[in-house]
Amino acid sequence: MISSTMQDFPLTVTAILRHGSRVYGDSECVTWTGTGARRAPFTQIAGNAERLASALRRLGVGQGDRVATFAWNNQEHLEAYFAVPGMGAVLHTLNLRLFPEQLTHIINHAEDKIIIVDDSIVPLLARVAANLDTVEAYIVVGDGDATPLETAGRAPVLRYHELLAAEEPGFQWPELDERSAASMCYTSGTTGDPKGVVYSHRSTYLHAASLLSATMSGLTQADRVLAIVPMFHVNAWGLPYSAFLSGATLHMPGPFLQPEHLTRFIATERTTVASAVPTIWSAILNYGAEHELDLSSLRNGTSGGAAAPRAILEQFQERYGLTIIQGWGMTETSPVGGMAFPPPGVKPGSTEDLDWRMKSGRIAAGVEMRIVDDEGAELAWDGEAVGEIEVRGPWITASYYREPAPEKFRDGWLRTGDIGTIDGRGYFQITDRVKDVIKSGGEWISSVELENHLVGHPEVLEAAVIGIPDPRWDERPLACVVRRPGGSVSAAELAAFLSGKVAKWQIPENWTFIEEVPKTTVGKYDKKPLRALFRGGDLTVERLSAGG
């Protein structure tokens, strides 16, 4: 048997930092302040990461200890992205939008030792500080008031800039096993307590490198990428690390996620790529209906976290000439598992181009995917067979942190909980979640498809479809619709609007109009409250004749 002659080079977060700071030292992290921007070259980010690692080591942080961040997308958060994993500790990004009970559970479950927190959100963390069992110190970024944390917490409160000022650059990064833990993130907890996913250095490096492919984000040094997607949720889709590998300048919005700030940031700093969930893209469109926007610098946008309605992609193309590419992933997949770039030969901006971009994605190199039936038998890649999507690969989790959850895995594959199809070219289409799919008369109705069509109506702002019991068909869809301000569209008109877009038997006969669709902490539709409202008789439901 012959052995390889290749060097055993560890794929680590430290290697990413070293490459970005040495090869692309002049590339920048640009943080929006609300009135302008503050800038830091990659060389400065690297120097501050070394100082932060030294400060954490002085505070007693050792290899394997968890250091949490409770922060917006900004320069200091980026420095922690490198300092914590690089010193051998584990970066734990905390979701700012979790309920206090969930936040307490996650911090205690992960046994976080230090929490780095932005001054603007100190009060949010202070609400739970008295219930945190393992936290030994808080590090506050900024000069804002930290009194709530000092009063409520049982650990000292330190200042980020003071800690860094007391240290010198030149931290000696340890040699790390590439399979050791680098960071961790918890799921959004839509079906119970959030579950922890622990990413290795190797998985982080491979995922970041994969994003540089032209079939993914295709970032280069010429790009200025706006990471609207939060750094506290699945590592901002890997953008901070892929930017350091490619030299792309990072644009960080901080807490300024309103469309007026995002669009001014884009226009001022000439952003070339922007990544956000559909609700952000929708808000930008709505803002643009009444304000002049300059999005001319964008070469494309990426959207993920939930299916983007076709109307959003159409309107960005028509109004601004902006192509938005959908991607798919989960906390469990690091997260990106595929991007929906159209195949060669498709005319940009055409109806066919949009049809391809409405796919959930095309399987990324490094990810393997299959669809299976209820018994686990693999189904054909014919674009028609519908089953649960399962994935495996070097950046796909094989378990949860301290939670085996064997029902989520099958024969080395992750069961995603997504229902969909795969065609012969590896394009996959998610039609629903297992928990959301509507089984009517033995046939499946896609709530996602109905929602996307409904949002295409000019008087509809949001729409969520849930299954409700039916004595004849077992389940039927209930359309929960949010009208645009001033809109008066009726249920009958919306049913007629759906005619010809979906099969007649799939058109809901049950309709309700609501003020807002509930959202999860990461901006996805949360249908649990809607189901609870229906069960409690708190929704006013109008029933049309069957089939519209």
Check the side chains of [Y] and [X] for a donor-acceptor pair under 3.5 angstrom, ignoring hydrogens and angles.
X	Y	value
Tyr400	Glu332	yes
Ser447	Lys527	yes
Trp395	Ser200	no
Tyr160	Glu79	yes
Tyr186	His109	yes

Item checked: Inter-residue atom distance Trp237.CH2 - Ile228.CD1, 0.5 Å rounding -> 9.0 Å
Checklist line | Residue that, paired with Tyr241, satisfies ring-ring contact (aromatic ring centres under 6.0 Å, His included) out of Tyr205, Phe82, Tyr199 | finding: Phe82
Taking the side chain as every heavy atom from C-beta outward, state whether [X] and [Y] have any pair of such atoms under 4.5 Å apart.
X	Y	result
Thr69	Leu91	yes
Met339	Trp328	no
Arg51	Leu163	no
Phe265	Thr263	no
Ser303	Pro278	yes
Val448	Thr431	no

Item checked: Identified side chain to side chain donor-acceptor pair (under 3.5 Å) counterpart of His251 within the set Asn73, Thr31, Thr271 -> Thr271
Check: For Glu269, which of Arg264, Arg39, Arg38 qualifies under salt bridge (charged side-chain N to carboxylate O under 4.0 Å, His left out)?
Finding: Arg39
Margin query: Using side-chain contact (heavy atoms from CB on, under 4.5 Å), reason through Met87 and Leu56 one step at a time and then give a plain yes or no.
Written below: CA-CA 9 Å; Met87 68 182 297; Leu56 292 172; 3.8 Å; yes
Notebook entry, point to check: Do Phe244 and Phe42 make the cut of ring centroids closer than 6.0 angstrom?
Noted result: yes
Check: So which heavy atom on Thr416 is nearest to which on Met330, and how close?
Finding: O-CE, 3.5 Å
Checklist line | side-chain hydrogen bond (donor to acceptor under 3.5 Å, both in side chains) evaluation trace for Ser275 with Thr302 | finding: CA-CA 5 Å; Ser275 297; Thr302 60; 2.5 Å; yes
Next item on the list: Tell me, with the steps shown, if Asp411 and Arg392 meet salt bridge (charged side-chain N to carboxylate O under 4.0 Å, His left out).
Entry: CA-CA 10 Å; Asp411 302 329; Arg392 66 183 182 185; over 6 Å; no
Next item on the list: Please step through side-chain contact (heavy atoms from CB on, under 4.5 Å) for the pair Gln75 and Asn48, ending with a clear verdict.
Entry: CA-CA 10 Å; Gln75 173 188 331; Asn48 284 350; 3.6 Å; yes
Next item on the list: Give the C-alpha distance, both sets of side-chain angles, the deciding distance and a yes or no for side-chain hydrogen bond (donor to acceptor under 3.5 Å, both in side chains) between Asp118 and Ser120.
Entry: CA-CA 6 Å; Asp118 282 347; Ser120 64; 5.2 Å; no
